[in-house]
Visitor: 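Pasting a structure here, questions to come.
One-based numbering, in listed order, for ligands and for the atoms of each.
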Amino acid sequence: MQLYSNILGRFGVETTYVSPTDIAEWEKAVKPGRTRLFFLETPSNPLTQISDIAAIAAVAKRVGALLAVDNCFCSPALQRPIDFGADLVIHSATKYLDGQGRVLGGAVVGPKAIVMDGIFGFLRTAGPTLSPFNAWVILKGMETLQLRMQAQSQAALEVARWLEAHPKVERVYYPFLESHPQHALARRQQKAGGAIVSFVVKGGREPAWKVIDSTRLISITGNLGDTKTTITHPATTTHGRITPEARAAAGISEGLIRLAVGLESVEDLKRDLAHGLD
Ligand SMILES: *Cc1c(COP(=O)(O)O)cnc(C)c1O
């Protein structure tokens, strides 16, 4: 986490981290006259915590800040943050918009005044623009976005239920499981649960690595959003560079595994995960 605030700090931007689920923390963290932007991702990576977009948007509005939402896990097919009061929506097009792990890309969506005045000028002069080929691939990917998100969410829910019943699994994080702490909010805000299922295996790092290393069908990678199912050990990859204390505070344990469910047969996925679990 420090990693990111240091980069922003070089540009004179101060950041304060708050709980994605505790609205009172957002209110308390506001520095009157200085807080310009609220930023959240929902569902969060990798624990699929759900932020109440409408409630946080109301706080932002009251204090004169903008709310930006990273909508990467849901994509516009499952969640439309602007309908809940967000000002800006950010997508990693590398993930579900392309959907097949082929290109890098991104999108910032919002009112013309903000996007054209601030963001477009930065892109034009600083250079992080999309190449024509990548743009074409992403456009082709978006033709199947709705179908993929529905099918991958359905498969993810099935895998999540199966994992929850498995004796070697301690806990499963999936927004559309009844056991998820923000289950009701997720059902209000999202059309489906999304494709990301995180789970903790009993026994910590060794058994978690065994599950990951024993897969044959599932790809081991830090990426997500592919039609191929991918698997990651967050504590040593995506969240490997933050301190152990920051990791513990964020709830990312050594036994945690993040699965991004694709379009393979659910039975094949269960069999692949069972190699290491059993
Ligand atoms: C991958 C990811 C990003 C960053 O996207 P890139 O395309 O890799 O820059 C941002 N937010 C979430 C939730 C992601 O999973």
Side-chain angles (χ1 to χ4, degrees), residues 1 3-5 7-8 15 17-21 37-51 53 56 67-81 86 88-110 119 122-123 126-131 133-135 137-139 141-142 145 148-149 152-153 156 173-175 182 186 189-190 192-198 219-242 247 250-252 256-262:
M1 305 290 167
L3 203 70
Y4 305 114
S5 38
I7 292 169
L8 291 173
T15 50
Y17 287 92
V18 293
S19 157
T21 56
L37 182 76
F38 286 14
F39 186 95
L40 63 87
E41 63 179 28
T42 182
S44 72
N45 180 19
L47 295 180
T48 72
Q49 286 176 294
I50 307 293
S51 293
I53 301 171
I56 294 169
L67 171 61
V69 175
D70 180 333
N71 200 27
C72 183
F73 275 25
C74 274
S75 89
L78 302 186
Q79 174 170 271
R80 299 167 61 98
L88 289 165
V89 180
I90 294 156
H91 297 284
S92 166
T94 314
K95 311 288 175 50
Y96 293 103
L97 298 191
D98 165 36
Q100 289 164 76
R102 299 172 292 195
V103 297
L104 294 177
V108 181
V109 183
I119 298 154
F122 170 77
L123 289 180
T129 46
L130 205 55
S131 73
F133 179 73
N134 285 19
V137 169
I138 292 166
L139 282 171
M142 282 164 63
L145 178 65
R148 283 186 283 106
M149 292 313 287
Q152 288 175 235
S153 296
Y173 299 89
Y174 185 71
Q182 293 102 30
Q189 215 166 246
Q190 302 175 201
I196 310 294
V197 180
S198 289
S219 303
I220 304 171
T221 171
N223 195 29
L224 60 92
D226 204 311
T227 50
K228 285 175 62 162
T229 299
T230 59
I231 196 163
T232 304
H233 184 248
T236 52
T237 60
T238 54
H239 294 69
R241 285 176 299 172
I242 61 173
R247 224 170 12 249
I252 295 159
L256 181 71
I257 294 174
R258 187 192 71 196
L259 192 69
V261 177

Visitor: Check ring pair (Phe, Tyr, Trp, His ring centres under 6.0 Å) between Phe38 and all other residues, then give those that pass, not counting sequence neighbours.
Guide: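 Counting only residues at least two positions away or on another chain, Phe38 forms a ring pair (Phe, Tyr, Trp, His ring centres under 6.0 Å) with Trp26.
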Visitor: Check side chain to side chain donor-acceptor pair (under 3.5 Å) between Thr129 and all other residues, then give those that pass, not counting sequence neighbours.
Guide: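 Listed in chain order: nothing, the list is empty.
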Visitor: Once side chain to side chain donor-acceptor pair (under 3.5 Å) is applied, do any residues pair with Asn71, and if so which ones, sequence neighbours excluded?
Guide: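 Counting only residues at least two positions away or on another chain, Asn71 forms a side chain to side chain donor-acceptor pair (under 3.5 Å) with Gln79.
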Visitor: Could you tell me if the side chain of Cys74 sits less than 4.5 Å from the side chain of Thr42, heavy atoms only?
Guide: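 Side chain of Thr42 against side chain of Cys74, heavy atoms only: no contact under 4.5 Å found.
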Visitor: Test your reading of the model: is there a side-chain donor-acceptor pair from Arg247 to the backbone of Pro234, 3.5 Å cut-off?
Guide: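 No, because the side chain of Arg247 does not come within donor-acceptor range (under 3.5 Å) of the backbone of Pro234.
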Visitor: I'd like to check Ile53 versus Leu67 (side-chain heavy atoms, cut-off strictly below 4.5 Å). Are they in contact?
Guide: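 In contact.
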Visitor: Pick out the protein N or O atoms lying less than 3.5 Å from any N or O of ligand 1, and list each pair with its distance.
Guide:
unit_1   : atom_1 : unit_2 : atom_2 : d
ligand 1 : 5 (O)  : Ser92  : OG     : 3.0
ligand 1 : 7 (O)  : Ser92  : OG     : 2.6
ligand 1 : 7 (O)  : Thr94  : OG1    : 2.7
ligand 1 : 11 (N) : Asp70  : OD2    : 2.5
ligand 1 : 15 (O) : Lys95  : NZ     : 2.7

